[in-house]
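The structure under discussion appears below in the form of structure tokens.
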2 protein chains.
Amino acid sequence: MNLSIATSGTSAFARASNMMDGQVYQFPRSPALCRESFARDEQICGGTDTLRVYQVVSGFVRQCHFLADGRRQIIAFHGEGEVFWCRNNSFGALAVEAVCPTTVMCFNKREGDLHGLTGPAWLALLHQAAMEQLTQAQEHAAMMCHRNAFERICAFLLAENRRAGGRGSMNLPMSRADIADYTGLTIETVSRNLTRLEQQGLIRISGQRFIEIVTPSALAAAQS
Amino acid sequence: MNLSIATSGTSAFARASNMMDGQVYQFPRSPALCRESFARDEQICGGTDTLRVYQVVSGFVRQCHFLADGRRQIIAFHGEGEVFWCRNNSFGALAVEAVCPTTVMCFNKREGDLHGLTGPAWLALLHQAAMEQLTQAQEHAAMMCHRNAFERICAFLLAENRRAGGRGSMNLPMSRADIADYTGLTIETVSRNLTRLEQQGLIRISGQRFIEIVTPSALAAAQS
DNA sequence: CGACAGATTGATATTCGTCAACAAACGTGG
DNA sequence: CCACGTTTGTTGACGAATATCAATCTGTCG
């Protein structure tokens, strides 16, 4: 796999790919040093940690808030090659968890230096990732604001398809509950709208996780 | 005024102040060079600009998307001392506008250098601001997702109170329409919930813009 | 095969957006 | 200072969208 920074598709509602725009920073292809694996639903990092930067080697992670009343808000998903970190927030606990069995590379400033990333280079790398994620978080907020349930599901499927390579078929790593907490809907509403999309012939669902997009253009038109 | 970077309270739903955490970068206290003033509702920068960084000297600005269907989404407000910039986004036009008569300082990379901010220093400055805004954008998205209209208005008022100095009374610079576009509600819903808060005795409203928080703790409890 | 978590479907309640009317504040010109 | 028109904000009635609650179904994994 490519270990360069690929924040593209980090937010499921972000643009297709931003690998082209701007420089692509390369993480060191070191041996297994700082490589860690996590089981499904296991926490990778929490809000109280000092700033460490991770990259998904294989698997899938979710970045989430846990609000005081027990509600959960998923801020972003990250797939293979994508970079993430954990930062304290003013409300609720913040954590990154494995959606399925996941392996990550872990870097901190000192280790980054050890591998040849000097201070400014490391900062530039972090900054690029931060700017990407900022754009995506803003788009996510805008999406929550002005799209209805049906449009959100369409946008979500299109974005996940892009993340999965854009082939039109994919195995969603996340559950309906994950989708609900990411789109700000309930699992029932997510389910109803997936069913509606299938009935309209825009997608095909096999099992619970495999989804095939029959007419991408119609889905794109429906997303807003 | 203090011309150091103060992204604290940039998002109306962010924590009270983050001036303490991390380094505070200093903008050059140059003469009137690159100082610009704008009238109410005037555009300060648009989506097609190259990356320029601004700091509010006096006044108040809003950062907004204009969606294809004519709707407007306010991403963030920025008050005195706060840093902002404009960055292209995948959907809709992005712009920063003056909420009221506003004066800003404008910096671009070259000018930053001229004033003694070398490349890495400039990057560090930008990076700090980006990280702050990322946190705030994520909180904003979370708020849109899982809070109802009443909770959003409570959170908005508390955050604006923090930005205004936390004294419990403030003159809101923005209109109901601005609040609506920031919270993802309609002006009617904003108005109804402000009235409800006043009827419950949590706030007092004088004129259209002046708001006094009677019981901050109750408001904090109501925000979720 | 059986048990259990996850997903779907249906009935109902609630919230918020829409439309409409009205009220208050503001600005302008006399 | 007032009169007027315009903008902005408030309030009410109603309907549509989505959450909630409940029952059932399906897939997965031991």
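So you know, we letter chains A, B, ... as the sequences are listed, proteins then strands, and number each from 1. All values reported here derive from a predicted model rather than from experimental measurement.
Atoms CD1 (B:I153) and C1' (D:dG9) sit 14 Å apart, rounded to a whole Å. When rounded to the nearest whole Å, the span between NE2 of B:H146 and C1' of D:dT18 equals 14 Å. Distance B:I179 CD1 to D:dT10 P: 9 Å, rounded to the nearest Å. Computed from coordinates, the A:L172 CG to D:dT28 P distance equals 13 Å when rounded to whole Å. If you measure from atom CG of A:N148 to atom C1' of C:dT15, you get 16 Å, rounded to the nearest angstrom. B:F150 has its CZ atom 18 Å from the P atom of C:dT14, to the nearest Å. Atom pair A:F210:CZ and D:dG27:P shows a separation of 15 Å (rounding to whole Å applied). Whole-Å rounding puts the A:L185 CG to D:dA17 C1' distance at 11 Å.
Between A:H78 and the choices A:W85, A:Y54, A:F84, A:F60, the ring pair (Phe, Tyr, Trp, His ring centres under 6.0 Å) rule is met once, by A:F84.
The shortest distance between the side-chain N/O atoms of A:R40 and the OP1/OP2 oxygens of C:dG6 is below 4.0 Å. Between B:T186 and C:dC16 there is no side-chain N or O to OP1 or OP2 distance below 4.0 Å.
The number of heavy atoms from other shown groups lying within 6.0 Å of CZ (B:R71) is above 12. A 6.0 Å sphere centred on CZ of B:R40 holds no more than 12 heavy atoms belonging to other residues, nucleotides or ligands.
At a non-hydrogen distance threshold of 4.0 Å, B:E188, B:T189, B:R192 from residues 187-205 of chain B come into contact with DNA chain C.
Nearest heavy-atom pair across A:D181 and A:Q73 is O-OE1, 3.4 Å. Residue A:G201 comes nearest to A:V214 through the heavy atom pair O-CB, 3.5 Å, listed as atom of the first residue, atom of the second, then distance.
The closest donor-acceptor contact from the side chain of B:R147 to the backbone of B:R152 lies at 3.5 Å or more, if one exists at all.
The ring-ring contact (aromatic ring centres under 6.0 Å, His included) test applied to A:F38 returns no partner, not counting sequence neighbours.
Mapping A:Q208 and B:R176 onto DNA chain D by nearest heavy atom places B:R176 at the nucleotide closer to the 5' end.
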